[in-house]
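Residue numbering restarts at 1 for every chain, and letters A, B, ... go by the order of the sequence lines. Predicted model, so just to flag it, every value in this text is computed and none were measured.
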2 protein chains.
Amino acid sequence: MTYTAPLRDIRFVLKEIAGFDSVAALPGFEEATPELADSILEEAAKIAGGVLAPLNAPGDRQGARWTDGAVTTPDGWRDAWNTLVEGGWNGLPFAAQWGGMGLPNVLNTAVQEMWHAANMAFALCPMLTQGAVNALQQFASEEVKQTYLPKMVTGEWTGTMNLTEPQAGSDLAAIRSRAEPVGDGSYRVYGQKIFITYGDHDLTDNIVHLVLARLPDAPPGVKGISLFVVPKVMVNADGSLGARNDVACVSIEHKLGIHASPTAVLAFGDQGGAIGWLVGEPHRGLEYMFVMMNHARQAVGLQGLSIGERAYQQALSYARERVQGKPAGWQGEGRTPILNHPEVRRSLMSMKARIEAMRGILYTAAAAHDIRHSHPEPEARQTAAVLEELLTPIAKGWSTETGQDIASQGVQIHGGMGYVEETGAAQHLRDARITTIYEGTTAIQANDLVNRKLLRDKGASLGVWLDEVEGNARTLEGSTDLDLQVIGREIALAAGRTREMTGWILANAADPAKPAAAAVPLLNAMGLVAGAHYLSLGAVAALRRLSEGEADDGFLAAKPVTARFFAEHLLGQVEGCRAAVVNGADTVMALSDAQM
Amino acid sequence: MTYTAPLRDIRFVLKEIAGFDSVAALPGFEEATPELADSILEEAAKIAGGVLAPLNAPGDRQGARWTDGAVTTPDGWRDAWNTLVEGGWNGLPFAAQWGGMGLPNVLNTAVQEMWHAANMAFALCPMLTQGAVNALQQFASEEVKQTYLPKMVTGEWTGTMNLTEPQAGSDLAAIRSRAEPVGDGSYRVYGQKIFITYGDHDLTDNIVHLVLARLPDAPPGVKGISLFVVPKVMVNADGSLGARNDVACVSIEHKLGIHASPTAVLAFGDQGGAIGWLVGEPHRGLEYMFVMMNHARQAVGLQGLSIGERAYQQALSYARERVQGKPAGWQGEGRTPILNHPEVRRSLMSMKARIEAMRGILYTAAAAHDIRHSHPEPEARQTAAVLEELLTPIAKGWSTETGQDIASQGVQIHGGMGYVEETGAAQHLRDARITTIYEGTTAIQANDLVNRKLLRDKGASLGVWLDEVEGNARTLEGSTDLDLQVIGREIALAAGRTREMTGWILANAADPAKPAAAAVPLLNAMGLVAGAHYLSLGAVAALRRLSEGEADDGFLAAKPVTARFFAEHLLGQVEGCRAAVVNGADTVMALSDAQM
């Protein structure tokens, strides 16, 4: 099953919803001309469809293999990686100083969407490497940067994030890995890390591990964790590679999905200590992680969008080909493709509408990241920072839950064939299933939304965003277009219900168990409202372009229909979320352990 | 990971919700004394936990294997099957005349729940065999019954259902397999059947295939399909086994889950014709299938309950053991098991409440089946028939969707460990994923609900059931117990919303696409309302027993809490269903093929 990048919709969302033109006009993005952006998207689409997508199913079947401490990636993986290295793709959003292209994050987001959709197991490697580059670029010493960044930006070396330990999953305060100063500025790092994505592989000659560990004088808990850079292979002063460091890949996991992505158990320091260097200041490792977290969480949210798009394309293609029966109300001769069955169409529409909604949310968050870091006005930077912070848990939590559901609906549309592995639909579901877990579970995202985005400022910034959503909805209600009227009415209703939820949480925050019990339903509601809101902006833009006389083959005309479908058929789910919040936590926590 | 049959809840639901005592008092069930029923449940629990459950994960890993036309089941499978044969378990619901125990279907349902929970891939074999026995018992000639039934009732031979062909999935009208009369009362059957569960295996010496095929004079479409019995091995006049019949197992599928259940492609008649015998009258095969369908669909709905229960037990056990952080509002010392985190607890509660709701629906439907067939009064039979018909698509559609969601939440509660296959949580999700597809997809169930249960009698029987639900809700609202008041209020609200949906569908039936587009949301709403209703009956019974002074360690006290959790936290989802129905099918079908 092939993948065709939805270039038209990607361009539409970039321009009409995420405001790409304004982002490209920011200082520092002088390279980001419309022509360059266009040709980058075209070229990325070719690589995604022509190089990465064909490796997706074979990679799943062959999987990453571990032998004698080393991981072998599936056939073709190394060539595909070299294609990215040669095109400079890994450096797209990074500074020219380190060999990057200096292009906006939101453009990189569009490219990464295509990588993940084409081959999620593969795309984790560039994703993790870009994350590591972000960390080093922001916090590492000049020497560390000079040593590692140039080769990581090209992709000649890859990067990893080493957080989890067996007893420390969501609870990073429980980290036990430790680091001892050698005295020459380096450290000896000891400990076992698990679930390390691309923790070992054969794509490159070196891997740069970023490792959370405790210094000897570290205070307990989260304020005693430091960040270290620990290369797989030591780097000599002249930049050439030296001896192996004391980092061993002990095993890789046998997982439900992303079989081709090696998930490693790494042992640091079993042979006397892995040599590493401190990144930034002591004891501030978790703080650095938090700074990078917005980006990393958006990247995983993007996987929800990507897998959803891939699953949709496959399901749509099957629904066009598979002939079964006559649908209700069908007047034509003979049997018809199942695409014409209303219940199949409803499922496909709900996939399509949510995919476009996710793209709106994710690209908006990515553009906010650019504005936050590159806008000349402090006020604009601040506004963008608030928006990015608010949208990030939604982009991650809602998009991954939604992507998973879409992948499951993709299986369903295939009927019995969907359950047969060779069809490929099941792989998308298996791959998608990790996205709601890693980089912070959905519950962690929901708690972030409630604690840091709602309670911390007593609802101020969330209220501003809801004001904007409601203001837009009222405008739509007053428009002359029937679709927009309905969309506006439904969004206003849903936003009001969401406001009732946030009001309840703010009023009941004295008992912290209550907001915590309300968090996931609020996150779901916010995802639905945000999705409808950004879809509505697209609908307005499409109608404007049509009214300006733009020729249309149906692409623009579909936008208000899709937005209205979302508003009429999905947004009502907000009421279920509202009830779950305002009915409180009493029954949630009422049973004893033994009664469960 | 082990499985402990929830005997206490099974007994509670049998007695307080499904009315087992009344069923056991029906003519024909004289054997069904309370003591016998109890000891059957005890013994079944031992076999489920001690024999079947330990084979579940190894069976998944080893899988069914196909070599040279024959299927080998995993290690231990044959011994487990013999345990069922020796105990006479397969014959539990069948007439003593054929060697069965003559016990109620609802008791068999409780036993089958345990089989499926312990090992769904295994339990499909008794499930299919019981289905085949049902068909032969009801429709076959005396000679066919004498030849096959005794050995199928003991389980010495197993049965299969051969419906699907490559071009005929949900659309059975497209069946092409054919049967030609030989002249001696037998037929030669030709054709390829796919997705045949336990279509070949090494558990028994013979397999009795029930096959849908067309006679030479058959009219086209569904009215030209006949049912044949085609043994794998011919049976001699003295009952001994003769030569192999012309049925070949060409291959088995490589599936997402139920790896140990062989899903066969069967070729009938490639060597001159498979010998078979007509079951019942010509051209009435599909009609016979429909008669058996209630039972078969409830059996698959049961898998949703069973997998949900299994996944819940595993997730709960992990949540009790896994220590991570301090939950919001936690006052205790140190870190705590994640069971105490409100967001984890919400997920566990939603699993628990829906499991008990499914059990209420499924056991009620199963008891209605008994009453329908065994009650001496025609009116009571008729009432039970209407109830069973109405509940069946809900029992199948809603329970399988719900079981799948619970299995997915079970993975989620395990965090990263849930994604690692050795943990076992992922197997439940993989296994569950077929249940919404086979025996009629969720959309097929929803169309059955709308077309045959709502539109056919213009809402009469569904209205009667909603009256009962609302009447009960009003009584609860008027009670002195606060939990019951809330439960009653929420059920009344949800029932009203459901009535709005059915009203809309009835009013818009002139265009058949509209009811079809509304079908799945209506099914979801009905599942939620039915679940809350049967939970509320359990809550009332528990409070009654408490008020009568029954000693309670918390089991009875949990019932109103669980029902209230369902009413307050899940029933609000009905509004999302309502909106999706009454907002109509316009946007569902509005886009052209090219716009999708």
Side-chain angles (χ1 to χ4, degrees), chain A residues 169-171 195 253-256 316 324-325 328-329 339 342-343 345-346 348-349 352 411-412 415-416 419-422 426 433-434 436-438 441 443 446 511-513 516-517 519-520 554 558 561 564-565 568-569 572-573 575-576 579-580 583 585 587-596, chain B residues 169-171 195 253-256 316 324-325 327-329 339 342-343 345-346 348-349 352 411-412 415-416 419-422 426 433-434 436-437 441 443 446 511-513 516-517 519-520 554 558 561 564-565 568-569 572-573 575-576 579-580 583 585 587-596:
Chain A
S170 299
D171 181 10
F195 297 153
E253 305 293 347
H254 171 222
K255 307 186 301 294
L256 174 61
L316 179 60
Q324 283 288 280
L339 177 70
E343 56 283 9
R345 187 68 80 91
R346 170 185 291 282
L348 287 166
M349 278 300 293
K352 176 182 169 68
V411 171
Q412 187 74 17
Y419 203 62
V420 172
E421 283 287 3
E422 285 76 2
R433 191 61 195 82
I434 188 59
T436 58
I437 295 173
Y438 61 19
T441 64
D511 173 1
V520 172
V561 175
R564 181 170 170 178
F565 175 88
E568 286 192 326
H569 290 272
Q573 294 168 13
E575 170 58 16
N583 285 327
T587 56
V588 176
M589 304 300 288
L591 297 186
S592 69
D593 182 326
Q595 283 177 304
M596 290 297 291
Chain B
S170 298
D171 182 9
F195 296 154
E253 305 294 347
H254 170 223
K255 307 186 300 295
L256 174 60
L316 179 60
Q324 282 288 279
L339 176 70
E343 54 284 8
R345 188 69 80 91
R346 172 186 288 283
L348 287 166
M349 278 300 293
K352 176 182 170 66
V411 171
Q412 187 74 16
Y419 203 61
V420 172
E421 283 286 3
E422 284 77 3
R433 191 62 195 82
I434 187 60
T436 58
I437 296 172
T441 64
D511 174 0
V520 172
V561 175
R564 182 170 169 178
F565 175 88
E568 286 193 325
H569 291 272
Q573 294 169 12
E575 170 58 17
N583 285 327
T587 57
V588 176
M589 302 301 287
L591 297 187
S592 70
D593 183 327
Q595 284 176 304
M596 291 297 291

Discussion item. Could you measure the distance from the NE2 atom of B:His569 to the OG1 atom of A:Thr587? Nearest 0.5 Å is fine.
Written reply: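 Rounded to the nearest 0.5 Å, the NE2-OG1 separation comes out at 3.5 Å.
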Worksheet entry | Interatomic distance, A:Arg564 atom CZ to A:Met349 atom CE [nearest 0.5 angstrom] | 11.0 Å
Side chain from CB out, backbone as N, CA, C, O: work out which of these in [X] comes under 4.5 Å of a heavy atom of chain B, or both, or neither.
X	value
A:Leu339	side chain
A:Gln412	both
A:Ala594	backbone
A:Lys255	both

Discussion item. Report which part of B:Phe195 has an atom under 4.5 Å of a heavy atom belonging to chain A: side chain, backbone, both, or neither.
Written reply: side chain
Discussion item. Quick check on B:Leu316 against chain A: is it the side chain, the backbone, both or neither that has a heavy atom closer than 4.5 Å?
Written reply: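 Contact with chain A: side chain only.
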Can a donor-acceptor pair be found, under 3.5 Å and without considering hydrogens, that links the side chain of [X] to the backbone of [Y]?
X	Y	answer
A:Arg433	B:Val411	no
A:Arg345	B:Leu591	yes
A:Glu343	B:Val520	no
B:Asp171	A:Gly325	yes
B:Arg346	A:Val588	no
B:Gln595	A:Gly554	yes

Choice from [options] maximising heavy atom contacts with chain B below 4.5 Å:
options	result
A:Ala426, A:Ser592, A:Ala585, A:Ala558	A:Ala558
A:Pro342, A:Ala517, A:Gly169	A:Pro342
A:Glu422, A:Met596, A:Met589	A:Met596
A:Gly416, A:Ser170, A:Ala446	A:Gly416
A:Ala516, A:Ala579, A:Gly415, A:Ala443	A:Ala516
A:Thr436, A:Leu348, A:Thr441	A:Thr436

Response to the item:
With chain A, the option among B:Glu568, B:Gln573, B:Glu575 that has the most non-hydrogen atom pairs under 4.5 Å is B:Glu568
Practice prompt. For residues B:Leu256 and A:Glu421, determine if any side-chain heavy atom of one lies less than 4.5 Å from a side-chain heavy atom of the other.
Written response: yes
